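Start at 1 with the first residue, then count along the sequence. Model, not experiment: these values are computed from the prediction.
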Amino acid sequence: MARFRSEFLRAVEERGFLHQCTDPEGLDARLNEGRIVAYIGFDCTADSLHVGSLVPIMLLRWLQRTGHRPIVLMGGGTTKVGDPSGKDEARALLSEAEIARNMAGIRTVFEKFLVFGDGPTDALMVNNAEWLDSLLYIPFLREFGRHFSVNRMLGFDSVRLRLDREQPLSFLEFNYMILQAYDFLELARRHGCALQMGGSDQWGNIVSGVELARRIEGRTLFGLTSPLITTAWGAKMGKTAQGAVWLNAERLGPYEYWQFWRNTADADVGRFLRLFTELPEAEIARLERLKGAELNEAKKALADAATGLCHGPEAAAEAAATARQTFEEGEAGEALPTLAVPRAELAAGIPAFELFRRAGLCASGAEARRLIKGGGARLNNVALGDELTPVTLDRLGPEGVLKLSAGRKRHALVRPV
């Protein structure tokens, strides 16, 4: 028998999103009464979000799919303070212009996952600078700061873990919990928001908001967190040896994004299908029962569905076709990442290791040298033996490009211009 009656809580529990909830039974009953408004906050620390933000994004998407209204809260104000949750050190303080530029880049991500508008379940995007920038310090502390126990704040993971590791926690960062709690109260007042969601590292901040609303106005609000997602190898979701897996195409193209999901570890396939796609449970159960080489079909299904959500079905199909041409048919697919190099430079010759570095297949020249020396580099599907081998125009393939390969799964094209 299902634990929850509401469609939203059933979905998030079955698919692995649910970690903690302030009042599961109360929230379930509230969801069953009718449409609820819920929010998740995103600070503007970069001009794109990465795969590590996909769990909260998918939570908002499921909320909307099940008939409720999501709010995307942009941290135009809180980014000026910096969230200490899960961080070993303070973030670098950004200027107003940097925050605005980052916010503009992040906005485009949500347009792919949510439907915005004025309808009852249409998503709303709000900037907390609207109310935080105008706060007067002394009146704010008198009205809201008195409801926060420093003893309690020191007990929450976002603060305690930093102190346990004897790493500095500035007074600026220490204020973040109060500001996030105030955000929740302000959204409840302005938009009738009753639920805040976030990652498990946000639990203390979310609980503080629930308690502040109860103490100030007697409001009943709810909090829900999702688990920290790590890969089967123990790596933090969204980070790879090559860097962050960005959600904006300007930062990471659809082909590389598709390849990230295609390279999922066997042990993660079922879990990631539930979290990062909307495939039905019956289909996921069928895919995760596949064994051996057949499991690659499940990984392709994951890559197709995840890329389709982020970049659109056409981009996902093109990425899949490029992968098929590259790996199964031995051709150089057009959607592979491409490095443009002046024809005159190629005519003179470029050392192989330098070309691999410039194409982004290696982070440094030293790494490229090691790759080639170790036999892991190929030029036009032929192994390279010497990292100093000059690559010239006479090595161009029939398509007029050079195909570089680092291992079996990472490729790039070099095109003379």
Side-chain angles (χ1 to χ4, degrees), residues 2-42 49 51-75 106-107 109-128 180 183-184 186-188 190-200 202-203 205-207 209-210 213 219-227 229 247 272-281 305-306 308-310:
R3 175 186 175 192
F4 297 113
R5 293 187 300 128
S6 62
E7 185 181 1
F8 174 67
L9 281 183
R10 283 203 311 271
V12 298
E13 184 175 51
E14 289 169 0
R15 299 186 81 95
F17 288 98
L18 182 57
H19 180 58
Q20 298 159 295
C21 185
T22 55
D23 179 5
E25 292 76 19
L27 178 57
D28 191 38
R30 175 66 182 81
L31 287 161
N32 269 319
E33 291 173 4
R35 178 179 55 84
I36 198 173
V37 180
Y39 93 95
I40 299 178
F42 299 84
L49 299 175
V51 164
S53 298
L54 261 186
V55 166
I57 291 173
M58 291 299 292
L59 266 175
L60 291 175
R61 186 174 170 92
W62 278 105
L63 182 86
Q64 188 170 54
R65 279 195 59 173
T66 53
H68 305 284
R69 188 174 203 190
I71 293 179
V72 177
L73 181 65
M74 304 297 285
I106 292 171
R107 284 178 187 273
V109 172
F110 291 99
E111 293 168 358
K112 306 169 188 175
F113 290 89
L114 300 172
V115 176
F116 288 85
D118 298 323
T121 63
D122 286 345
L124 182 67
M125 186 171 285
V126 180
N127 181 358
N128 63 13
Q180 184 169 326
D183 280 347
F184 198 179
E186 195 68 29
L187 288 172
R190 294 180 178 223
H191 303 288
C193 183
L195 170 63
Q196 182 184 173
M197 302 184 290
S200 58
Q202 296 297 310
W203 179 246
N205 297 338
I206 292 173
V207 168
V210 171
R219 285 181 182 262
T220 299
L221 302 181
F222 303 93
L224 182 152
T225 65
S226 54
I229 305 300
L247 302 181
F272 286 3
L273 281 166
R274 289 183 176 87
L275 288 170
F276 303 118
T277 82
E278 294 174 329
L279 294 176
E281 175 60 31
L309 284 174
C310 187

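- Of the inter-residue distances, the one linking S226 atom OG with L54 atom CG reads 11.5 Å to the nearest 0.5 angstrom.
- Of the inter-residue distances, the one linking L114 atom CG with R65 atom CZ reads 12.5 Å to the nearest 0.5 angstrom.
- The shortest heavy-atom contact between T22 and L221 is OG1-O, 4.4 Å.
- For the atom pair CG of L49 and CZ of F42, the computed distance is 6.5 Å after rounding to the nearest 0.5 Å.
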Practice prompt. Please lay out, stage by stage, how R69 and L124 fare under the test side chain to side chain contact (heavy atoms under 4.5 Å, CB included).
Written response: CA-CA 8 Å; R69 188 174 203 190; L124 182 67; 4.1 Å; yes
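- F222 has its side chain out of reach of V210: every pair of non-hydrogen atoms, C-beta onward, lies at least 4.5 Å apart.
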Discussion item. As a quick check of understanding, evaluate side chain to side chain contact (heavy atoms under 4.5 Å, CB included) for E278 and L309, giving each step before the final call.
Written reply: CA-CA 9 Å; E278 294 174 329; L309 284 174; 4.0 Å; yes
Discussion item. Working note: F8 + N32, criterion side chain to side chain contact (heavy atoms under 4.5 Å, CB included); need CA distance, chi angles, decisive distance, verdict.
Written reply: CA-CA 9 Å; F8 174 67; N32 269 319; over 6 Å; no
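- Contact of the M197 side chain with the I206 side chain is not registered, since no non-hydrogen atoms from C-beta on lie closer than 4.5 Å.
- K112 and L247 get closest at one heavy-atom pair: NZ-O, 3.0 Å.
- Side-chain N or O atoms of R61 include one that pairs as donor or acceptor with a backbone N or O of F113 at under 3.5 Å.
- Side-chain contact check for Q64 and T121: no donor-acceptor pair (N or O, by modelled atom type) lies under 3.5 Å.
- No donor-acceptor pair closer than 3.5 Å links the side chain of H19 to the backbone N or O of T225.
- With 3.5 Å as the limit, one finds no donor-acceptor pair spanning the side chains of Q202 and Q196.
- Residues V37 and G192 come closest through the heavy atom pair CB-O, 3.9 Å.
- Here NE2 of H68 is found 7.0 Å from CD1 of I36. Values are rounded to the nearest 0.5 Å.
- To the nearest 0.5 Å, atoms CE (M74) and CZ (F110) are separated by 6.0 Å.
- Under a 3.5 Å cut-off, the side chain of R5 and the backbone N or O of A29 do not form any donor-acceptor pair.
- A donor-acceptor pair under 3.5 Å links the side-chain atoms of R15 to the main chain of R274, judged by distance alone.
- The heavy-atom pair separating L9 from L224 by the smallest distance is CD2-CD1, 3.7 Å.
- A side chain to side chain contact (heavy atoms under 4.5 Å, CB included) with Y39 is found for exactly one of L60, L195, D183, namely D183.
- The shortest non-hydrogen separation linking S200 to P227 is OG-C, 4.3 Å.
- In this structure the side chain of R3 reaches within 4.5 angstrom of the side chain of P24, judged on heavy atoms.
- The structure places CD of E13 at 5.0 Å from CZ of F4, a figure rounded to the nearest 0.5 Å.
- In terms of heavy-atom proximity, V72 sits nearest to F116 at CG2-CZ, 4.2 Å.
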